[in-house]
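Count residues from 1 along the sequence. What you see is a predicted model, and the numbers here were worked out from it, not measured in a lab.
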Amino acid sequence: MLRKMGEAVARVARKVNETVESSSDTLDLADCKLVSFPICIYKVLRNVSDQIHLITLANNELKSLTSKFMTTFNQLRELRLEGNYLYRLPNEVSSLQHLRAIDLSRNQFQDFPEQLTTLPALETINLEENEIVDVPVEKLAAMPALRVINLRLNPLSAEVRVIAPPLIKFDMLMSPEDTQAPPP
């Protein structure tokens, strides 16, 4: 058990060092068994955080992200958080003014994260396979850059299915009404 934990910590450290040493614009911490974003990474990346445009934290065990994460990496263009246990985003997600794509698929959102509707550059939102029933259609319709929102495998209300299509100018991907998310 301790050996596996040590290997996981070493893997995270190796990936962070690769990002710093190569001055990469990408930080990939997918599949690292993270339950939270390691605080020590903020210090290691403090001189290059503005250069990071893509962070992948997919397939970990994250239940939340902190406001510090959002404000530290405010130059992000893409954020990949699929396959975690997230159910909300901090209000500070609104500081991600350059974000173009966010993947929140296979998480535990029951409410649509409305803070996303304040992001002017956001083009793609993936919320596939969550538990979302209601969607702020009017706010989404007012988003200037939004091109695609994936809501497949969510138990969307009949009202959303009827109201959304005539109001939106982007692709809203939904499962047929009789399709539900697979059991956990």
Side-chain angles (χ1 to χ4, degrees), residues 4-5 7-9 11-12 15-16 19 26-38 41 52-70 73 76-94 96 98-119 121-137 139-140 143 145-161 164 168 170-184:
K4 284 192 185 245
M5 283 176 57
E7 289 170 0
V9 168
R11 183 171 183 223
V12 168
K15 287 180 168 235
V16 170
T19 298
T26 301
L27 175 61
D28 184 355
L29 295 178
D31 302 299
C32 288
K33 297 180 175 32
L34 296 174
V35 294
S36 64
F37 190 79
I41 293 177
I52 296 177
H53 294 152
L54 165 63
I55 294 182
T56 301
L57 293 168
N59 305 314
N60 280 293
E61 299 170 17
L62 299 172
K63 291 183 179 164
S64 65
L65 286 174
T66 64
S67 55
K68 182 176 180 79
F69 176 88
M70 298 297 171
F73 299 107
L76 282 179
R77 306 290 191 271
E78 186 174 350
L79 182 55
R80 304 206 47 217
L81 297 165
E82 67 271 20
N84 280 287
Y85 300 106
L86 299 170
Y87 59 94
R88 65 176 182 81
L89 294 174
N91 289 333
E92 289 77 8
V93 75
S94 62
L96 302 179
H98 305 286
L99 193 68
R100 290 193 300 245
I102 188 164
D103 190 340
L104 296 166
S105 61
R106 297 184 340 270
N107 273 285
Q108 297 181 348
F109 285 91
Q110 293 180 354
D111 297 318
F112 186 93
E114 286 196 38
Q115 307 96 312
L116 297 178
T117 64
T118 67
L119 302 178
L122 197 55
E123 298 172 358
T124 305
I125 302 171
N126 187 351
L127 280 160
E128 184 171 5
E129 206 172 318
N130 277 279
E131 295 298 320
I132 297 170
V133 174
D134 197 22
V135 177
V137 176
K139 288 181 180 180
L140 291 169
M143 292 178 69
L146 191 61
R147 292 186 324 193
V148 177
I149 180 166
N150 183 351
L151 291 164
R152 289 184 181 121
L153 300 176
N154 277 282
L156 296 173
S157 70
E159 184 179 338
V160 168
R161 293 174 177 281
I168 59 176
F170 51 85
D171 292 328
M172 188 162 162
L173 309 176
M174 298 182 278
S175 299
E177 281 188 69
D178 56 352
T179 306
Q180 295 296 319

*Checking side-chain contact (heavy atoms from CB on, under 4.5 Å) against Leu140, which of Leu122, Leu116, Ile149 comes through?*
Ile149
*Could you list the residues that satisfy side chain to side chain donor-acceptor pair (under 3.5 Å) with Glu61, not counting sequence neighbours?*
none
_Run the side chain to side chain contact (heavy atoms under 4.5 Å, CB included) test against Arg88 and tell me which residues pass, sequence neighbours left out._
none
_Results of salt bridge (Lys or Arg N to Asp or Glu O under 4.0 Å) for Glu128 - residues two or more places apart only_ = none
_Partners meeting side chain to side chain contact (heavy atoms under 4.5 Å, CB included) with Thr26 (sequence neighbours left out)_ = Ser24, Leu54
*Using side chain to side chain donor-acceptor pair (under 3.5 Å) as the criterion, list what pairs up with Asn59, not counting sequence neighbours.*
Arg106
*Set of side chain to side chain contact (heavy atoms under 4.5 Å, CB included) partners for Ala30, sequence neighbours left out*: Asp28, Thr56, Ala58
*asked:* Check this for me: Asp31, atom CG, are more than 12 non-hydrogen atoms of other residues, nucleotides or ligands nearer than 6.0 Å?
replied: yes
_Contacts of type side chain to side chain donor-acceptor pair (under 3.5 Å), residue Arg152, not counting sequence neighbours_ = none
*Tell me, please, which residues at least two apart from Lys139 pass salt bridge (Lys or Arg N to Asp or Glu O under 4.0 Å).*
Glu114
*asked:* Measuring only between side-chain heavy atoms, which start at C-beta, is Leu29 closer than 4.5 Å to Ile41?
replied: yes
*With sequence neighbours left out, what residues match Glu159 under side chain to side chain contact (heavy atoms under 4.5 Å, CB included)?*
Ser157, Ile163
*Can you list the residues that meet the salt bridge (Lys or Arg N to Asp or Glu O under 4.0 Å) rule with Arg147, with sequence neighbours excluded?*
Glu123
*Does any N or O in the side chain of Asn130 come within less than 3.5 Å of the main-chain N or O of Gln108, such that one atom is a donor and the other an acceptor?*
yes
*asked:* Within a 6.0 Å radius of atom NZ on Lys33, are there more than 12 heavy atoms belonging to other residues, nucleotides or ligands?
replied: no
*Sequence neighbours excluded, which residues qualify as ring-ring contact (aromatic ring centres under 6.0 Å, His included) partners of Phe37?*
Tyr42, Phe69, Phe73
*List in chain and number order the residues that pass side chain to side chain donor-acceptor pair (under 3.5 Å) with Glu82, two or more places apart in sequence or in another chain; answer none if no residue qualifies.*
Arg80
